[in-house]
Amino acid sequence: MSLAATELRCRVLIVDDDSTMRLMLRETMEGGGHEVIEACNGEDALTLFEQYQPDIVLMDVDMPRLDGISACRRLRDLPEFGMTPVVMVTGNDDSASIKAAYEAGATDFISKPINWPVLGQRVQFILRAARTLRELEVSESKNSALLGAIPDCICVFDADGRIDQLLDQGQGEQWLPSDAEGRLISELLAPEHAREFQAQIRRSLEGGSIQTFEFQHGRKTAPRAHEVRLINYRDNRVLALIRNVTERVTAAAKVHRLAFFDTLTGLPNRQRFLRALRSALSEAQTQGGQVALLFIDLDFFKRINDNLGHSTGDVLLKSVASRLAGCIRGSDMVSPTDESQQSQTLARVGGDEFVILARGIRDKHDAERIAVRVHEALRSPFSHLGREFVVTPSIGIAIYPQDGADAEALMKNADTAMYEAKTAGRNTQRFYSESMSLRSMERLDLELKLRKAVEHGDLEIHYQPKINLKGRGITGVEALLRWNHPEEGPISPARFIPLAEETGLIAPISEWVVTQACEQSRAWVAAGLDPFPIAVNVSSQLFTFGNLATMIWGAICNSGIDASSLELEITESLFLRDLAQIHETLREIQEMGVALAVDDFGTGYSSLSYLKRLNVDALKIDRSFIEDINIDADDRAICSAVVAMGHSLGLKVIAEGVETREQLAAICDIGCDEVQGFLFSRPVPAAQISEFVRSNLAATIIGDANDRGATGSRRLR
Ligand code: C2E
Ligand code: MG
Ligand code: MG
């Protein structure tokens, strides 16, 4: 770049009382392309300065009215004066006046006699210097604005980890004290963090790249987090930008907790558990170990939620979680244990579903031992608001590698095994086997078909007559569900009713059966038959839905039948549930005028006190006792006892499943009131019941059987 191109053209204020001097200065300046303004003393100079804002002032020292030194001092006091260079043109080149000039704010001085040829260069130089100074000032103020805007604490460390310079303490809560300069990082941080900090400084100095890391300090309950960036600076020093990231770290920890932990129990959730499971499996794969997965489902937990409300359910779940946590080894839910190679992880993966992952087991017995501990942990009742609850677990166990190659398969198979434990009567555990999978597939398939059958109205009801042994006529019928699948043919209720109970389909199915039965009763009466009750089987499950009585009353009212035309058959399993709500529902139903019979009596658990308290109307002796009544003396004795007991409580006793005349003779002998069985009629479509009533078949059969009573007795053992 040529010199001319870099030359600055500007406005020069020449101040001198000597007009010759002013003329010569003007000529020189104008010769350099500058614009010139003249003043002949300090006072005029001040006025012109404010008026014209020159870029440079060439000022004589000795002048009348206001001398150059004083004028310079006054100029420096003007706000707009800024950094404008003032060059003193003086004949007094003694050091005292030079000092006075500088003290007054002069930028430079030129001695008289003036060396005219270099004056232009000198002015150029001073202008350039002034411009650089101005730029520097702008950049400095930019820098300090920048530093002020950065929220970080900014400081310089030397290689020993000593704070060489504290440039900015940062915004908000300050990490470094204002007197931190000269102190070592080891004086400011806990030893482990100081070591890490020091190592990072070394790395930054060696590698030159930006080192980023985080450290925490402060109290354990409220730790503060800082993010540090170290930049290799100069002279074996690093620039550190330290930012308070406590809020971000706390928020991230919260998000992590929400994403991976169950908020109710504080246990790891499914996501977190699957991660742990996957890592356990890959470890077992490389090191050749076994891993057990225990899938725990609480029995009838839904009932607690439905009957006592979700808040009670939640309290119970928390207690269960803490008992389970206490029974897994070490109770540290993810760390390895001391006494063996096992480590266990507990998680909550669904409403009432918990899982335990056991690493490093030797064989299935190790897994079984954990299951036993779970049972023991839950054995004693839980109490809440003055009530006691017993919560039992059904546990399915799957073991890696034999029961599944990956986390998903293992979870699925442990779940299948849990399901088997439920089917086996609950409160127990089952190990997974392949046949279970097959069964569970079939179950799924059947469930799908059942749903379709319910939707398409493919279910039917058949009716089986009940005969009074004394009057020899029909005293009622039992409504029995029939499902004739288009491809599979008839599917027994013994197969699909339990499935309907598990899937909740039992509710719509039962409502349909009750409605149909009421309609049928009305139709038979309309067709001229004497009214007789229709007995409908109700699943114990229905008592948990809470609207059974309403549903029954609705069906009775809609059909317009008398409530006495409906009977309900309940099973003994209901008595196992000592819940006030069940009593209440049964009482409501009885108050409507609907009779109650206990079905399959003798196969389950019946407390006599329940029979009395619930005020049932009839007992139906289970078919299994009738079957061998003439062969097995015990069965006959049981039947006799049931009849005696029933009668003493004022109940009607009905024999189910009577197939032969011999069985009929025997039940007549022991004094049963009513009978039901293939001997009289299989369950048949409604139309055939009318025929059965009109025929005198029942009376004929009973008459016959009475005649052969002795034959039946002969077959007794
Ligand atoms: P259950 O209530 O004890 O019904 C009597 C069962 O014994 C019926 O079987 C009936 O067909 C059968 N049975 C009657 N007499 C004889 C006989 O002389 N010999 C033999 N071998 N069997 C006889 P089914 O219809 O297969 O029903 C089985 C069970 O399914 C019923 O036992 C009942 O618990 C349940 N069930 C049927 N329909 C319904 C329903 O609508 N709702 C509910 N919840 N359960 C139902
Ligand atoms: Mg029944
Ligand atoms: Mg029965």
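Atoms considered below: every heavy atom in the structure, side chains included; atoms not considered: hydrogens, waters and symmetry mates. Start at 1 and go down the list; that is how both ligands and their atoms are numbered. In this text the structure is predicted, and so the values were computed from the model without any measurement.
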Proximity flag Gln676 to ligand 1, non-hydrogen atoms under 4.0 Å: no

Closest approach to the Mg ion (ligand 2) by Glu569, given as the N, O or S atom name: OE1

Please check whether Phe678 reaches ligand 1 - meaning an N/O of the residue sits under 3.5 Å from an N/O of the ligand, judged on distance alone. yes

Is there at least one pair of N or O atoms, one from Ser492 and one from ligand 1, spaced under 3.5 Å apart? no

Distance to the ring centre below 6.0 angstrom and angle to the axis at most 45 degrees; does that hold for Arg682 and Phe678? yes

Hey, are Asp299 and Ser394 close enough side-chain-wise for a donor-acceptor pair under 3.5 Å? yes

Heavy-atom gap Glu478 to ligand 1 smaller than 4.0 Å: yes

Between Val658 and ligand 1, find which residue part has any heavy-atom pair under 4.0 Å and reply side chain, backbone, both or neither. backbone

Numbering the atoms of ligand 1 from 1, which are under 4.0 Å from a heavy atom of Gly677? 15 (N), 18 (O)

Answer yes when Arg694 and Glu691 have at least one side-chain N-carboxylate O distance shorter than 4.0 Å, and no when they do not. no

Between Arg682 and ligand 1, which part of the residue brings a heavy atom under 4.0 Å of the ligand: side chain, backbone, both or neither? neither

Should Arg451 and Glu447 count as an ion pair when the cut-off is N to O under 4.0 Å? yes

Take the angle between the ring planes of Tyr463 and Trp524 and call it parallel below 30°, perpendicular above 60°, tilted in between. perpendicular

Do the charged groups of Glu455 and Lys452 touch, with an N to O distance under 4.0 Å? no

Within-cut-off N or O pair, Val513 and ligand 1, under 3.5 Å: no

Heavy-atom pairs closer than 4.0 Å: do any link ligand 1 to the side chain of Asp599, the backbone, both, or neither? side chain

Using a 6.0 Å distance limit plus a 45 degree cone around the ring axis, check whether Arg348 lies over the aromatic ring of Phe273. no

Ligand 1 N/O within reach of Asn537 N/O, cut-off under 3.5 Å: yes

With a cut-off of 4.0 Å, which atoms of ligand 1 are near a heavy atom of Gln464? 14 (C), 15 (N)

Taking the Mg ion (ligand 2) as the apex, Asp599 OD2 and Glu478 OE2 span an angle, rounded to 10°, of 180°

Show me which atoms of ligand 1 lie under 4.0 Å from any heavy atom of Ser539. 44 (N)

Decide whether Asn547 and Thr550 meet the rule of one side-chain donor and one side-chain acceptor closer than 3.5 Å. no

Exactly one of Lys466, Gln676, His462 should register a side chain to side chain donor-acceptor pair (under 3.5 Å) with Glu478. Which one does? Gln676

Between the side chains of Lys449 and Asp445, is the shortest nitrogen-to-carboxylate-oxygen separation below 4.0 Å, so that they form an ion pair? yes

Considering only heavy atoms, does Glu656 approach ligand 1 within less than 4.0 Å through its side chain, its backbone, both, or neither? side chain

Does ligand 1 have an atom under 4.0 Å from some heavy atom of Arg482? yes

